[in-house]
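For reference, the structure discussed in these notes is given below.
The figures here come from the full heavy-atom set of this structure, side chains too, leaving out hydrogens, waters and symmetry mates. All residue numbers in this chain count up from 1 along the given sequence.
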Amino acid sequence: MNRLTRNILASLALLASTSVFAASESYGTLLAGSYQPSASFASLSVSGSGNVYSFTLTSLGLNSLFTSGAFIGSIAVDTTPDLRLTGKNADVITLSDVSGDATIQAKNGKGPGGDWDFQFDLGNHGAYRLTDNESITWTATFSKPVEFADIGFALHVQGLSKLQGGSAWYVASAPVITAVPEPQTYAMLLSGLALLGFAARRKIV
C-alpha cells in the first residue's frame, strides 16, 4: 500500500470518527406487555455527538391506536458506556431547551427487563405527559461522552384499557441510524485530499 493510499484511508477514518449521530425512528413494536398496535404511534429524532444530544418526540394517533386517554409516560435509554445517575461517582444529565407539550426529567429507571441505564420521564407525577398528537423537544448534556445502540430507546405507553394490559413498552419498528459528518470535517477532508492530489501530481511530473 503506497503512501497516498494510506493518507486517503487515514482521512476517511478521521471523517468517520468525527461524525454526528443522527437517528429517526418510528415506534410501534411491542417489547414488554400484551398489546401490539396496528401501526406506529410515535416518532423519535436524536442528533448530536460526544456528550450533547438533541431530541424530538412526537406522538401520532395514540387515541385511535390504543384507547382514549393513552399517553407516553417515559423513555428508557441504553447508552455506551453505561450511566449511573445516583450513588458513588454518579453521572449527571442536564436538560435544557425544553419546549412543547410536556415537561421532562432524567432519573434512574431500569426500564423493561431491568437492563436499561436510565429514563426520561415525561412530566412530574403524571402531569404534562405526552398525549395524543403532541410533541416535545429537548437537549441533554451528559457528564461524559456517550453513544446509543441500535435499540437504544424504549417508550412506555400508559393509560391503556384493561383489555390492552394497562401499559406496555415499545421499541422502534425500523431504526434508521446514520453518521453525519460535521461541516468542518468535510472541509478538513477536502483540504487534505487536495494537498494529497497536488503532491501526487508533482511526483508524477
Side-chain angles (χ1 to χ4, degrees), residues 16-34 40-59 71-100 102-130 135-160 165-180:
S17 66
T18 56
S19 58
V20 174
F21 173 93
S24 180
E25 304 177 331
S26 295
Y27 284 77
T29 299
L30 182 65
L31 176 64
S34 60
S40 298
F41 62 84
S43 65
L44 176 66
S45 297
V46 185
S47 63
S49 63
N51 66 326
V52 181
Y53 290 86
S54 297
F55 299 79
T56 298
L57 175 64
T58 303
S59 63
F71 63 93
I72 302 172
S74 57
I75 308 167
V77 185
D78 189 20
T79 63
T80 302
D82 294 342
L83 295 179
R84 180 195 299 270
L85 299 193
T86 61
K88 190 176 180 181
N89 301 320
D91 298 303
V92 176
I93 303 173
T94 303
L95 303 182
S96 60
D97 302 323
V98 180
S99 63
T103 61
I104 191 164
Q105 57 183 328
K107 59 178 288 187
N108 273 340
K110 294 301 182 180
D115 296 326
W116 304 74
D117 290 324
F118 73 96
Q119 62 189 44
F120 290 122
D121 275 2
L122 299 170
N124 188 9
H125 304 298
Y128 300 104
R129 56 209 180 189
L130 205 68
S135 182
I136 181 173
T137 297
W138 71 98
T139 298
T141 302
F142 299 88
S143 56
K144 62 185 177 185
V146 297
E147 294 180 353
F148 304 104
D150 286 352
I151 303 178
F153 307 94
L155 306 187
H156 193 201
V157 180
Q158 299 167 256
L160 305 187
S167 70
W169 289 90
Y170 298 88
V171 291
S173 307
V176 179
I177 298 175
T178 57
V180 182

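- When side chains are defined from C-beta on, I151 does not count as touching D78, because their heavy atoms never get closer than 4.5 Å.
- Around atom NZ of K144, more than 12 heavy atoms belonging to other residues, nucleotides or ligands sit under 6.0 Å away.
- Listed for the Y53 side chain is a donor-acceptor partner under 3.5 Å among the backbone atoms of V146.
- Between the D91 side chain and the R84 main chain, a donor and an acceptor come within less than 3.5 Å of each other.
- Although no hydrogens or angles enter the test, the distance criterion places no donor-acceptor pair under 3.5 Å between the side chain of Q119 and the main chain of N108.
- Note that CG of L95 is 8.5 Å distant from CH2 of W138, once rounded to the nearest 0.5 Å.
- Side-chain atoms of V46 and F153, non-hydrogen and from C-beta on, do get closer than 4.5 Å to each other.
- For the residue pair S135 and T58, a side-chain donor N or O sits within less than 3.5 Å of a side-chain acceptor on the partner.
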Legend entry - Worked check of side chain to side chain contact (heavy atoms under 4.5 Å, CB included) between I72 and F41: CA-CA 10 Å; I72 302 172; F41 62 84; 4.2 Å; yes

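- Here CZ of F118 is found 11.5 Å from OG of S74. Values are rounded to the nearest 0.5 Å.
- Atom CG in L122 sits 7.5 Å away from atom OG1 in T103 (nearest 0.5 Å).
- One distance of note links CH2 of W116 with CD1 of I75; it measures 11.0 Å at 0.5 Å rounding.
- The shortest distance between side-chain heavy atoms of T137 and F55 does not fall below 4.5 Å.
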